[in-house]
Amino acid sequence: MFGYQGKILHVHLDTGETRVEALPEEIYRKYIGGVGLATYLIHINTKPKIDPLGPENVLAFASGPLVGTFASMGDKYVVVAKSPLTGFIGDSISSSSWSRELKRAGHDGLVIHGRAENPTYLFIDDGNVYFKEAGNIWGEDVWTAEEKIRGELEDKNVGVISIGPAGEKLVLFANIMSDGRHAGRSGLGAVMGSKNLKAIAVRGTGSIRVANLRELSKLCLGIYEKAQGPNTEKYRVEGTPTNVLSLNAHGCLPTRNWQQSTFESAEEISGAHFLKNHTVSVTACSSCPVACAHNCVVKGGPYAGAAVSLDYEGLYAMGPDCGVGDSSAIIKALELCDFYGMDSISAGVTCAWAMECYEKGLLTKEETDGLELTFGNHEALIQLIHKIAAREGIGDMLASGVKRASERLGRGSEHLAIHIKGLELPGYDIRSLKTAALGWAVAARGGCHNRSGAYEPDLKGKVDRFKAEKGRGRLVMESEGRAAVLDSLTMCKFLRACLTDFYPELAKLYELVTGFGMSGDDLRRAGERIINLKKLYNIREGWTQKDDHLPPRVMEDPVPDGVAKGSLVTRQELDLLLDDYYEAQGWTRDGTIPKEKLNELGISVGE
Amino acid sequence: MMVTVKFFANFREVTGQAQVTMPNVSSVRGLLDELVREFGQRLSDLLYDPQTGELRDTVIILVNGRAITLMEGLGTWLEDGDTVAIFPPVSGG
Amino acid sequence: MQRRFIVCDPAKCKGCGICELACSAAKEGVFNPLLSRIHVVDLGSNGGPISKGVSTVAIACMLCDDPICVKVCEKYGPKIISSDEEKGIVSADASYTGCDKCGGWCMKACEFGSLTLNLKKGRVVVCDNCSEEILVGEPPCVQFCPHDALSFSAIEEVVEGSESETARKILQEFSRVRRESKGVL
């Protein structure tokens with residue numbers, strides 16, 4: 001095959017058995033790769049209603065068809081499993097050369113079954129799979145683990161993904177990391193921890209072939225040129241932290257657990273501030289023509305030496321949302337999340353909730369283990385992060401995420417919990433971004449900005465962002481489809497504006513790599529199929545319409561400040577938006593997928 | 001009559017200013033003309049597509065928090081005390 | 001003829017590795033960094049919070065005046081590497097298939113880690129500026145570098161524009177790091 005390898009590797013941690021499955025061509029054509037393929041793999045390899053942290057859950061990894069070629073635009077892997085945080089589909093994506101190594105070892109995907117008896121790491125060395133004793137790296141942070149594994153295997157170039165102590169302790173928003181980047185959201189690091197699996201090292205030495213190298217070269221050179229043009233300038237120059245001031249000016253920068261929507265210290269934590277005071281280098285992920293990773297270091301003061309590759313979402317969560325306006329403290333807090341291997345968005349939003357509870361008297365100083373958990377107190381925030389990772393004292397409650405923590409605490413604190421389906425929200429105040437509010441409410445993995453770009457029409461001024469109206473359902477549906485296609489090709493979303501004609505150009509890229517005929521319309525259809533496949537998984541796991549919700553604060557507490565003052569999403573508005581969306585998808589009024597729709601899309605899993 | 005203009009990201013870099021006040025401008029188009037006169041060709045290049053002469057897709061302009069695309073575009077009228085914010089589009093991270 | 005070679009500006013290199021893919025695609029028709037004649041080296045990355053080191057650079061053949069690889073191949077090896085003064089390149093005999101039986105002297109001797117053993121072909125390969133493939137324009141690695149870090153320059157142009165001794169030391173450090181990595185076929 002071209003682009004693909006045609007094979008999926010299954011590893012059973014309990015029995016030590018490994019097996020290679022050849023997938024029919026039809027599956028590749030239907031589900032493309034990446035998130036589509038991995039979602040298919042969990043559908044057919046798990047039973048419904050299993051415990052996400054039990055041995056029956058599987059972790060399915062997949063690369064996309066373009067990975068390993070110069071058409072990849074950033075080599076990425078996708079990991080999908082039932083999420084312990086949401087109980088629904090957990091899918092997460094990270095840039096890493098690991099993805100390319102896996103493919104070069106001969107596999108498009110990897111399914112991990114069962115649970116190892118003792119701490120283990122896997123070493124996939126081309127066609128061989130070795131189960132390695134991980135007792136000596138259990139408890140180590142991901143950087144030390146990576147280094148020790150590379151040392152033990154005597155190969156500095158081996159691809160390694162691993163979990164940190166947070167994953168081992170089953171922190172429900174633990175992530176999977178490699179080379180300082182994260183498959184961050186929905187707690188799949190905890191699933192890996194529950195399997196006693198510390199890391200997966202891969203060395204692939206094989207080659208990847210494409211169907212039409214000459215034409216592919218031309219097309220890629222054209223995209224590369226645009227990748228250095230005005231459409232990616234923001235990523236390359238200030239990086240995503242440039243959003244801080246833009247969102248602040250829009251009155252959409254969630255601050256102090258979403259009590260405000262502008263932050264008075266925004267200038268001190270702006271993209272320009274980090275660039276001037278902290279950025280030491282800007283680097284690219286494997287095969288990326290953009291280069292957006294802003295490597296930031298604290299150069300003096302109490303947090304000197306702390307370092308992180310900075311992005312907006314983590315910055316929002318540890319910064320404005322926790323009332324922290326000290327850029328060095330934000331870097332330190334984010335470094336700790338990486339050190340322990342946990343999602344900084346979920347961690348920050350959960351800490352912000354604890355701070356509001358403390359300020360409102362819902363949590364006493366005794367219950368916070370003596371921590372003065374006021375907004376802006378970054379020393380306390382940093383102590384709290386240590387406690388969460390160790391599941392120690394109050395950290396144990398917070399380690400289960402804000403939904404479970406607020407249910408456990410009660411006292412009305414549920415009203416302050418900023419999550420959808422149990423996934424903590426990213427940094428866009430959706431009270432005045434009503435297309436985004438719908439996008440977040442319906443996203444299969446919960447409160448997330450990556451499974452649709454639904455904020456784009458709002459923030460680009462294509463629609464009135466303060467208004468809920470018919471037509472937004474279609475916008476969200478189309479945006480979800482595009483995201484699903486990018487996540488299945490595993491092409492970076494930062495390249496999306498570099499495509500002249502989204503579907504036809506991507507279909508061409510796909511065709512030149514794989515040799516499979518694919519029209520723009522076929523690819524759009526594949527995106528729709530993948531969105532339906534994810535939704536079908538959620539329905540299987542007990543989804544009902546009430547799970548397409550918004551946090552109480554978004555629906556009841558109007559924005560108190562800035563240009564969006566007074567904004568919120570009412571029940572009537574949400575109902576209108578949901579009806580419109582379900583209709584656009586061709587689903588029933590209560591949001592389930594009719595049999596005819598599944599047939600039309602050719603989805604036959606779960607039968 | 002006075003309008004406050006806030007620059008962000010690359011617009012701030014090119015103008016060297018975070019904020020300026022501009023007197024006697026009645027529309028967004030008039031304001032941009034004045035700004036280009038003051039800050040020069042580089043600002044013009046950032047704002048307009050040289051081929052079509054139209055405002056680039058990569059420019060977002062808000063008047064009091066509302067996108068001009070939903071009002072009268074470049075023809076949107078300005079009033080005394082209005083705040084105009086100019087920046088590149090927001091997108092994920 | 002003026003000798004030109006592939007030069008990387010470490011200030012612009014982002015470590016993406018696209019040059020390696022462009023090289024293996026042009027020379028071997030497949031994507032495989034292990035078959036590339038140009039290699040990305042990451043300096044100062046020893047694990048840690050930042051995905052890549054403070055600097056990365058791509059190194060192809062440095063076209064030494066009196067190439068040590070030629071000398072050691074002559075003395076201890078199969079005598080297949082030669083220096084083509086006219087084209088200004090070093091090349092290995094394309095018909096030879098026994099390099100995997102040699103002690104790898106050329107690879108060990110090269111200060112810059114520029115030689116690569118292609119195990120399938122049983123032959124050492126080295127950057128030849130794509131002198132056969134590219135009749136006009138620049139070598140594919142230079143064309144494909146999205147970050148504008150690679151150039152196809154004459155030695156004189158490069159030496160003039162840099163603190164050559166410092167640059168040399170840095171490059172040697174890069175190549176030391178590279179030689180420490182295994183997985184080089």
Side-chain angles (χ1 to χ4, degrees), chain A residues 229-235 237-252 267 270-272 275 292 294 310-316 345 426-428 432-433 448-450 453 455-467 483 493-494 496-497 562-565 567, chain B residues 3-20 28 32 41-52 54-76 78-79 81-93:
Chain A
N231 284 323
T232 60
E233 190 177 341
K234 59 166 287 193
Y235 302 123
V237 181
E238 284 187 10
T240 53
T242 196
N243 286 354
V244 170
L245 291 184
S246 304
L247 287 170
N248 200 48
H250 280 88
C252 292
E267 289 285 348
S270 70
L275 187 63
C292 74
H294 281 62
L310 187 71
D311 265 310
Y312 167 69
E313 306 302 339
L315 163 56
Y316 131 79
I345 305 178
Y428 307 81
S432 66
L433 301 170
C448 164
H449 63 291
N450 272 328
Y455 52 83
E456 276 181 347
D458 289 328
L459 288 167
K460 280 193 164 175
K462 305 269 187 223
V463 296
D464 184 347
R465 66 188 175 101
F466 298 104
K467 199 169 160 192
K493 297 198 177 76
F494 288 2
R496 67 192 181 281
V563 293
K565 190 170 175 177
S567 298
Chain B
V3 171
T4 304
V5 185
K6 292 183 174 177
F7 296 112
F8 297 97
N10 42 350
F11 296 97
R12 187 177 287 191
E13 194 203 326
V14 161
T15 60
Q17 303 284 331
Q19 186 171 327
V20 294
V28 173
L32 295 186
Q41 189 60 33
R42 276 187 75 204
L43 180 62
S44 177
D45 291 346
L46 266 190
L47 290 169
Y48 301 106
D49 185 321
Q51 265 140 43
T52 62
E54 280 173 24
L55 200 62
R56 284 183 191 272
D57 230 21
T58 50
V59 182
I60 302 290
I61 300 176
L62 303 187
V63 177
N64 303 326
R66 292 203 167 248
I68 59 164
T69 47
L70 296 171
M71 297 185 281
E72 307 296 320
L74 290 177
T76 303
L78 296 173
E79 286 172 18
D82 279 353
T83 299
V84 179
I86 307 179
F87 33 49
V90 173
S91 45

| request: Please determine, among A:L275, A:L315, A:V463, A:I345, the option with the most heavy-atom pairs under 4.5 Å with chain B. | output: A:V463

| task | Between chain B and each of A:K460, A:K462, A:E456, count heavy-atom pairs under 4.5 Å; write down the option with the most. | result | A:K460

| message | Please give me the minimum heavy-atom distance between A:T242 and B:A9, naming the atom from each residue. | response | OG1-CB, 3.2 Å

| task | Identify the two heavy atoms, one from B:L70 and one from A:D464, that lie closest to each other, and give their separation to 0.1 Å. | result | CD1-CA, 3.2 Å

| Between B:I61, B:I60, B:D57, which has the largest tally of heavy atom pairs under 4.5 Å with chain A? | B:I60

| Pairwise distance CG(B:N10) to CD(A:E233) - rounded to 0.5 angstrom | 4.5 Å

| Between A:P230 and B:R56, what is the shortest heavy-atom contact and its length? | CG-NH1, 4.2 Å

| message | Just checking A:H250 against B:F87, ring centres under 6.0 Å apart? | response | yes

| query | Donor-acceptor pair, B:T69 side chain versus A:G461 backbone, under 3.5 Å? | reply | yes

| task | Salt-bridge test for A:E267 and B:R12: reply yes if a basic N is under 4.0 Å from a carboxylate O, no otherwise. | result | yes

| remark: Applying a strict 4.5 Å limit to non-hydrogen atoms, the region of A:Y316 in contact with chain B is neither

